[in-house]
Amino acid sequence: GLSLMEALRPLDIGIAGECEGSAACASCHVWVADAWIARLPEPEDAEADMLDCAFNTRAGSRLSCQLR
Ligand code: FES
């Protein structure tokens with residue numbers, strides 16, 4: 001199925017998806033609300049590493065290309 005990035009990108013809300021979902025650009029960074037973050041699987045290493053060098057991260061930060 002579509003990743004969250006692929007679902008959001010056509011909406012023109014600033015989700016660029018520059019690396020096409022390979023967890024290598026962070027242009028698909030989203031803040032997931034507290035009520036939902038615990039329901040998601042933990043980030044894989046590639047996502048966690050990219051989030052470590054992304055801007056404006058906070059609790060709930062995820063790469064939407066890694067969410068399905
Ligand atoms: Fe590049 Fe998600 S699209 S990290």
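Just the heavy atoms: all of them, side chains too, but no hydrogens, waters or symmetry mates, feed the values below. As the structure lists them, so they are numbered: ligands from 1, and atoms in each ligand from 1.
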Exercise. Cys25 and Cys19: which non-hydrogen atoms are nearest, and at how many Å?
Worked result: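 That closest heavy-atom pairing would be SG-N, 3.5 Å.
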For this session: Specify the closest pair of heavy atoms between Gly21 and Gln66, including all atoms of both residues, with the distance to one decimal.
Result: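 Looking at all heavy atoms of both residues, the closest pair is O-NE2, 3.2 Å.
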For this session: For atom 1 (Fe) of ligand 1, check which protein N, O or S atoms are under 2.8 Å away and list them.
Result: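 Short answer, with waters excluded from the count: Cys19 SG, Cys25 SG.
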Exercise. By salt bridge (charged side-chain N to carboxylate O under 4.0 Å, His left out), which residues pair with Glu47, not counting sequence neighbours?
Worked result: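 For Glu47, the residues satisfying salt bridge (charged side-chain N to carboxylate O under 4.0 Å, His left out) (neighbours in sequence not counted) are Arg62.
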Exercise. Got a sec: does the CG of Asp34 have more than 12 other heavy atoms crowding it under 6.0 Å?
Worked result: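 No, because the 6.0 Å sphere around CG of Asp34 holds 12 heavy atoms or fewer from other groups.
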Exercise. Do Val30 and Val32 come close enough that some side-chain heavy atom pair is under 4.5 Å?
Worked result: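 They are in side-chain contact.
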Exercise. Testing Leu2, Ile13, Leu67 for side chain to side chain contact (heavy atoms under 4.5 Å, CB included) with Leu8, which one passes?
Worked result: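 Considering Leu2, Ile13, Leu67, a side chain to side chain contact (heavy atoms under 4.5 Å, CB included) with Leu8 is found only for Ile13.
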